[in-house]
Amino acid sequence: MTKNLIPWAVIGTLIVAVTTHGADNWLQFRGPDGRSGSTARTPEKFGGEDALNIAWQQKTAGRGVGGPLVIDGLVVVTGSGGEDERDIYVEAFDAENGVLAWRRTAHALGRPFTHPTSANASPTPVSDGERIFALYSSCDLICVDVQGGLQWYRALAVDYPKTGNDVSMSSSPAVIDGVVLVQLENQGDSYVLALDAKTGENLWRKDRPRRANWASPLAFRLPDGAAAFAIQNDESLQVLRARDGEVISEFTVAASTVSSSVYVSPRLYVPAGGLTAFDFSSERPEIAFENSRMQTRNASHVVAGERIYACKGSVLVAANLKDGEVVWQQRVPEIESVWATPVVTATGIYVFDQNGNVTLVRDVVDGDQAKAEVIGSSKIEGPVLASPAVSGNALFIRTENAILKVASPN
């Protein structure tokens, strides 16, 4: 039986008119299949004292380090504030002009305490295009529709009282075929939980090892069309069937507990031993390649075209997607501590550091050789720990206290 389904009337809301646009959608952490890539043509340079190519910037209701979503012309972010950051928010801005469309507020019932560089609003929300599922470090899970109307609410730290830690529960939720998955691994009540997207009712739950894990699950579709979730920790990779949690495949690998996997059919690219590619084109999945040089730190791997990229702080490494062979390695100037996963567009690869420094690197072919070309640097007012979103020909960047749109006036 499901507990803590809170009626919508107990939570305040501000609703104004919502405009529907034909913009591209970015519905989860790192966008489609977790690739953090787009074919958009975005500005090479932005920010600085003259706010170059900053189309708009809006202060958010609270702090946040989770990335933004873009859903049918709305930019959606989460935030947290008030005493101990127990006030939690989901708010949406018009992607065209930055005007606030709606804001939903609630009060956290779980543990809101995090490391000072993080926030209660640390996970990136996820959407199925009709609903938005916002998870917080306090293990409060809110579902609203795209107009901001509350659909359901779960206080998971009340249902499972030992869930949480004081560093931050920052694993982002995933959704596919009407199933929402949260991966809440910690030293207490540690588990993955699948919920019905429409009702918030429990569908299935599996206990997990009792230790901290901040990596996010990935929802993807196997070559045979089956909906699945990939979950990882420092002991294994599991692929679970979405509808009932049955283990489809399991591999004994020491995967990252910070960076997350990415999928390009029929392969799942996992941050394990650097980078390990698992091929799911047959009934018995197998390892396609391993490359220890593709080690990441805090950011996840990024995929664009026939390349996969690894960010190791101020060093960016590029490899072939097919065989994992490294084709170049480049030190990225102006970049220090990196938490946000880089994003790649037709313009190049944007690397963001915590202080708001941004460097653009382009993957170019010179004769028979591939190489990195540093295009230039930009600066925005940070901190920036959230991975950005791309929609149309714009970047949407979540700083600690604001959301901004980067786009050329033309």
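Each side-chain hydrogen bond (donor to acceptor under 3.5 Å, both in side chains) pair with one or both residues in residues 208-228, not counting sequence neighbours, appears once here: D177-R221, E185-R208, E185-N213, R208-Q238, R211-D234, R211-E235. Annotation: ring-ring contact (aromatic ring centres under 6.0 Å, His included) contacts involving residues 220-247, sequence neighbours excluded, comprise F220-Y263.
Environment of CD in E381: sparse, with no more than 12 heavy atoms of neighbouring residues, nucleotides or ligands closer than 6.0 Å.
Salt-bridge check for K198 with D196: failed, with every basic side-chain N at 4.0 Å or more from each acidic carboxylate O. At a threshold of 4.0 Å, the pair R154-E201 does not count as salt-bridged, since none of the basic side-chain nitrogens sits closer than that to a carboxylate oxygen. Salt-bridge annotation for R104 and E91: absent, with no side-chain N of the basic residue lying under 4.0 Å from a carboxylate O of the acidic one. Taking the charged nitrogens against the carboxylate oxygens, D166 and R111 do have a contact shorter than 4.0 Å, which makes a salt bridge.
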Under the side chain to side chain contact (heavy atoms under 4.5 Å, CB included) rule, what do D24 and V70 come out as? Steps first, then yes or no, please. CA-CA 7 Å; D24 301 330; V70 184; over 6 Å; no
Kindly indicate, with the supporting measurements, whether the criterion side chain to side chain contact (heavy atoms under 4.5 Å, CB included) is fulfilled by V303 and Y309. CA-CA 6 Å; V303 172; Y309 303 96; over 6 Å; no
Give the C-alpha distance, both sets of side-chain angles, the deciding distance and a yes or no for side chain to side chain donor-acceptor pair (under 3.5 Å) between R331 and S314. CA-CA 6 Å; R331 183 164 294 279; S314 61; 2.9 Å; yes
Given V315 and V317, is the side chain to side chain contact (heavy atoms under 4.5 Å, CB included) satisfied, shown in steps? CA-CA 7 Å; V315 176; V317 186; 4.1 Å; yes
How far apart are the C-alpha atoms of R362 and E44, what are their side-chain angles, what is the distance that settles it, and do they pass the salt bridge (Lys or Arg N to Asp or Glu O under 4.0 Å) test? CA-CA 10 Å; R362 190 168 291 157; E44 289 188 0; 3.0 Å; yes
Between E130 and D145, is the side chain to side chain contact (heavy atoms under 4.5 Å, CB included) condition met? List the steps. CA-CA 6 Å; E130 298 179 10; D145 61 28; over 6 Å; no
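The shortest side-chain heavy-atom distance between D279 and I287 does not fall under the 4.5 Å cut-off. You'll find the side chain of F396 stays beyond 4.5 Å of the side chain of V390, heavy atoms only. L181 places none of its side-chain heavy atoms less than 4.5 Å from the side chain of V175. Looking only at side-chain heavy atoms (C-beta outward), V338 and Q354 stay at 4.5 Å or farther from each other. Inter-residue side-chain proximity for I142 and L150 is flagged as met; some heavy-atom pair is nearer than 4.5 Å. You'll find the side chain of T359 stays beyond 4.5 Å of the side chain of F352, heavy atoms only. Counting heavy atoms from C-beta on, the side chains of P68 and V77 come closer than 4.5 Å. Contact of the S378 side chain with the Y350 side chain is not registered, since no non-hydrogen atoms from C-beta on lie closer than 4.5 Å.
The closest donor-acceptor contact from the side chain of E286 to the backbone of R284 lies at 3.5 Å or more, if one exists at all. The backbone N or O of V146 sits less than 3.5 Å from a side-chain atom of W102, completing a donor-acceptor pair. The main-chain N or O of W339 is never found under 3.5 Å from a side-chain atom of N298 such that the two would form a donor-acceptor pair. One N or O on the side chain of N186 and one on the backbone of L184 form a donor-acceptor pair closer than 3.5 Å. At least one donor-acceptor pair under 3.5 Å links the side chain of N97 to the backbone N or O of V99. S387 places a side-chain N or O within donor-acceptor distance of the main-chain N or O of T341, the cut-off being under 3.5 Å. Side-chain atoms of R131 do not come within 3.5 Å of backbone N or O of F133 as any donor-acceptor pair.
When only modelled atom types and interatomic distance are considered, S261 and Q232 share a side-chain donor-acceptor pair under 3.5 Å. A donor atom on one side chain and an acceptor atom on the other are found under 3.5 Å apart for T345 and T42. A donor-acceptor contact closer than 3.5 angstrom links the side chains of S259 and T296. Residues S122 and S170 have side chains that never bring a donor and an acceptor to within less than 3.5 angstrom of each other. Looking only at atom types and distance, the side chain of T60 has a donor-acceptor partner in the side chain of R398 under 3.5 Å away.
In plain terms, the two heavy atoms of S118 and V167 that are nearest each other are CB-O, 4.2 Å. Annotation for A157 and G110: closest pair CB-CA, 3.7 Å, computed over non-hydrogen atoms. The two residues W204 and A242 have their closest heavy-atom pair at NE1-O, 2.9 Å. Taking each heavy atom of H301 and V262 in turn, the nearest pair found is CB-CG1, 4.4 Å. When every heavy atom of P333 is checked against every heavy atom of V374, the shortest pair comes out as CG-CG1, 3.9 Å. When all heavy atoms of S171 and P217 are compared, the pair lying nearest together is OG-CD, 3.4 Å.
Paired with R307 under the rule side chain to side chain contact (heavy atoms under 4.5 Å, CB included), one option of L321, V344, N320 passes, and it is N320.
Because its NZ or CZ atom is both nearer than 6.0 Å to the ring centre of Y160 and within 45° of the ring axis, R205 counts as a cation-pi partner of that residue.
Classified by interplanar angle (parallel below 30°, tilted 30° to 60°, perpendicular above 60°), the ring pair F278/F251 is tilted.
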